[in-house]
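Given the structure is predicted, the values throughout are model-derived calculations rather than measurements. Just so it is clear: chains get the letters A, B, ... in the order the sequence lines come, proteins before strands, and each one is counted from 1.
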Amino acid sequence: MNTSPSRQNVFLRFFRRLASPKYFYDFAGVWIPWLGTLALLLFLIALYGGLLITPPDYQQGDSVRIMYVHVPSAWMSLFIYVFMFFNAIISLIWRIKLSDIMANVSAPIGAAFTFLALFTGAMWGKPMWGAYWVWDARLTSEAILLFLYAGIIALNFAIEDRQTAAKATAILIIVGVVNIPIIHYSVEWWNTLHQGPTITKLDKPSITMDMLWPLLVMTLAFKFYFFTNLLMRARLELIRREKQSQWVNELLR
Amino acid sequence: MNPTALLQATNLTCERGDRQLFADLSFALEPGEMLQIEGPNGSGKTSLLRILCGLLKANDGNVFWQNDSIDTQRGDYLAQIHYSGHLHGIKLELSPTENLVFASALHGGEPWLSIESALDRVELYGFEDEPAATLSAGQRRRIGLAKMLVSKSRLWILDEPFSTLDTSGTKILEELIEMHLNEGGCAVMASHSRHGIERDRVQLLKLMA
Amino acid sequence: MRASLALLKRDLLLTFRNPGLIVNPLLFYLLVVTLVPLGVGANQQILQDIAPGIIWLAALLATLLALDSLFRNDLHDGSLEQLALSPTPFAMLTGIKILVHWLITGLPLILLSPLFATLFSLSADATGVLAITLLLGTPVLSAVGAIGAALTVSIRNSGALLALIVLPLYVPILIFAAGAVSAAQAGLPVTGQLYFLAALLVLSVTLAPIATSAALKINL
């Protein structure tokens, strides 16, 4: 029965401690500068690679460089939603305060990345399709994702009681996760049925190595940026919620 | 733990927002006993009642019904309690009789009194088929009293039950509670009012703001 | 079981005492459908092409109208508390509320669908498919919409918020249902879309009451 109680306890103890507000606040404070620096460094490397080193596309010319922002932000928009989903589950089942803070403060960042993906998509669309917006399956799904994010943020703001708001938002996030694949699939199907005037070529057909590495580095940079921003927002929200507690009073004194 | 207790609470703690309403609160009620909760507004009376009926989760502590946690026997527990909150769950578009038919079906279990005699007992006879919207506030409140009678519950959880009742309504409610306690039931009541229920059956609990 | 039947009976009785609950969304629906030709012109061909989309879009909006009050009245008069404290599982009673919403808003649309088909001169095939898509799709609208209604039940003036939360979740239904009617109009097979709608129906009818009751409990 008790095969590895000690190891389990080490993990549990780590998470329990991390979940305690005071400990998390200090923990995040230590990590934020490091993560932020790393994000900035990777961002500069990726930008240098994407803008200066990689060759222009033989068809699209320099406009292909929008990809280095567009594709990573589209990935982030989904990554953050999944991140919110796991935090929502944890907060509903184990009632860990920190998880619902994480889920709630992620939403605006996720919405921002979704917006960035849409905006760069439109910028890229102009040279490629001759129009800023076409009803391409990926763009349309991304637009609906933006609405899902907007709904989550709006619900969170509309409910006054913080605990109720957190729980309601968590449920909406989970409902959204069930729906995202269905929405994505149905939009894809809708798109093939109503084949538009242009051919969708936003998805990279085959990408060469020297174009791939800035893309991956940029993705990493975005991830680190996300975690930096997440920890900063989480610290702020934590102080706001715990403003009555002793440790916050000591901190602010 | 008190093995003969019907309802028992141990070390209840409740926080709302970032405020602690009460902590480490324990009590035990034996059959025929009533707990009266007093305290200023915002002291957590309603929260305590809601924890006792499982609408709200305590941040710490447990509630036991016949020595089992209420969380492990939720359906059975709910079949044995009657909760009457600030709102009485009465549909104004429906008549007292229709309201009671629904209430008794919703609660399930065996009836204590028939719907006619329940309405008679709370002196609403003659109004049984009027829409509740045409009745006075006090009369609607009496539909709420009649609800306690149409299905048999061993535990009554009552939030300010005397408010909006007139003298004769108050007297009826006192008699109903005494009858309920005499039959071996329990009651938990949040109330400031003086009432005529026998003092030695009442445990008093004072909450601080 | 007894409690569920009693709730069904009570809610239907309440609806019949307040017939506006049924009639107003229907009139709204008819109005929207009537306004479209006034906006896009009376060209028979264009109207025929966009009819499936319009009919379904109007159905989404009409469903939304009645959603807002689905749980709110029960919350404000304390009935919701009583439902949550019934020995009958709360998710089951929530399912009954969803069923009532569908009986009030979904069913009349199905019964009226031949009329809409006539207004836009849809083919006989497309008329039949329209009725089937409404039969499969409107319960999903009620079920998924109930989650949104439950989440926003304690928020004042939540109409726009409810629409913002619920409408993106309606996208798959809109695509497959309107797509099926268009396909039938063009003489193409529609079984794929109908299977997909049926799958969504099963999924939402089983999961939505659980999510809805969970959402209601946090607002009690």
Next item on the list: Take B:Leu106 and C:Leu93, measure what side-chain contact (heavy atoms from CB on, under 4.5 Å) needs, and give me the verdict at the end.
Entry: CA-CA 10 Å; B:Leu106 189 64; C:Leu93 298 176; 4.0 Å; yes
Next item on the list: Answer with side chain, backbone, both or neither: which region of B:Glu98 has an atom nearer than 4.5 Å to a non-hydrogen atom of chain C?
Entry: side chain
Next item on the list: Give the C-alpha distance, both sets of side-chain angles, the deciding distance and a yes or no for side-chain contact (heavy atoms from CB on, under 4.5 Å) between C:Asp74 and B:Lys91.
Entry: CA-CA 9 Å; C:Asp74 282 355; B:Lys91 287 285 174 195; 2.6 Å; yes
Notebook entry, point to check: Quick check: are there more than 12 heavy atoms from other residues, nucleotides or ligands sitting under 6.0 Å from CZ of B:Phe127?
Noted result: no
Next item on the list: Output, in order, the C-alpha distance, side-chain angles, deciding distance and verdict of side-chain contact (heavy atoms from CB on, under 4.5 Å) for B:Leu55 and C:Leu85.
Entry: CA-CA 8 Å; B:Leu55 276 177; C:Leu85 289 176; 3.9 Å; yes
Next item on the list: Side chain from CB out, backbone as N, CA, C, O: work out which of these in C:Arg17 comes under 4.5 Å of a heavy atom of chain B, or both, or neither.
Entry: side chain
Checklist line | chain B contacts, top residue of C:Asn18, C:Leu7, C:Leu5 (heavy-atom pairs, under 4.5 Å) | finding: C:Leu7
Notebook entry, point to check: Considering residues, nucleotides and ligands other than B:Lys152, do more than 12 of their heavy atoms fall under 6.0 Å from its NZ?
Noted result: yes
Margin query: I'd like to know if the side chain of B:Arg50 reaches the main chain of C:Leu220, judged simply by a donor and an acceptor atom lying under 3.5 Å from each other, with no hydrogens or angles considered.
Written below: yes
Check: Side chain, backbone, both or neither: which part of C:Leu8 has a non-hydrogen atom closer than 4.5 Å to chain B?
Finding: neither
Check: Given a strict heavy-atom distance threshold of 4.5 Å, which part of C:Asn73 is in contact with chain B: side chain, backbone, both, or neither?
Finding: both
Item checked: Smallest separation among heavy atoms of C:Arg2 and B:Ala105, with atom names -> NH2-CA, 3.7 Å
Margin query: Tell me whether B:Asp24 at atom CG has more than 12 heavy atoms from other residues, nucleotides or ligands lying less than 6.0 Å away.
Written below: yes
Check: Which atom names give the shortest non-hydrogen contact between C:Leu75 and B:Leu87, and what distance separates them?
Finding: O-CD1, 3.8 Å
Next item on the list: Taking all non-hydrogen atoms of both residues into account, name the closest pair between C:Glu81 and B:Tyr83 and its distance.
Entry: OE1-CE2, 3.4 Å
Item checked: Contacting region of B:Ile90 [heavy-atom separation from chain C under 4.5 Å] -> backbone
Note to self: If I take atom CZ from residue B:Phe102 and atom CG from residue C:Leu14, how far apart are they, to the nearest 0.5 angstrom?
What the structure shows: 9.0 Å
Notebook entry, point to check: Which bit of C:Ile218 comes within less than 4.5 Å of chain B, counting heavy atoms only: side chain, backbone, both or neither?
Noted result: neither
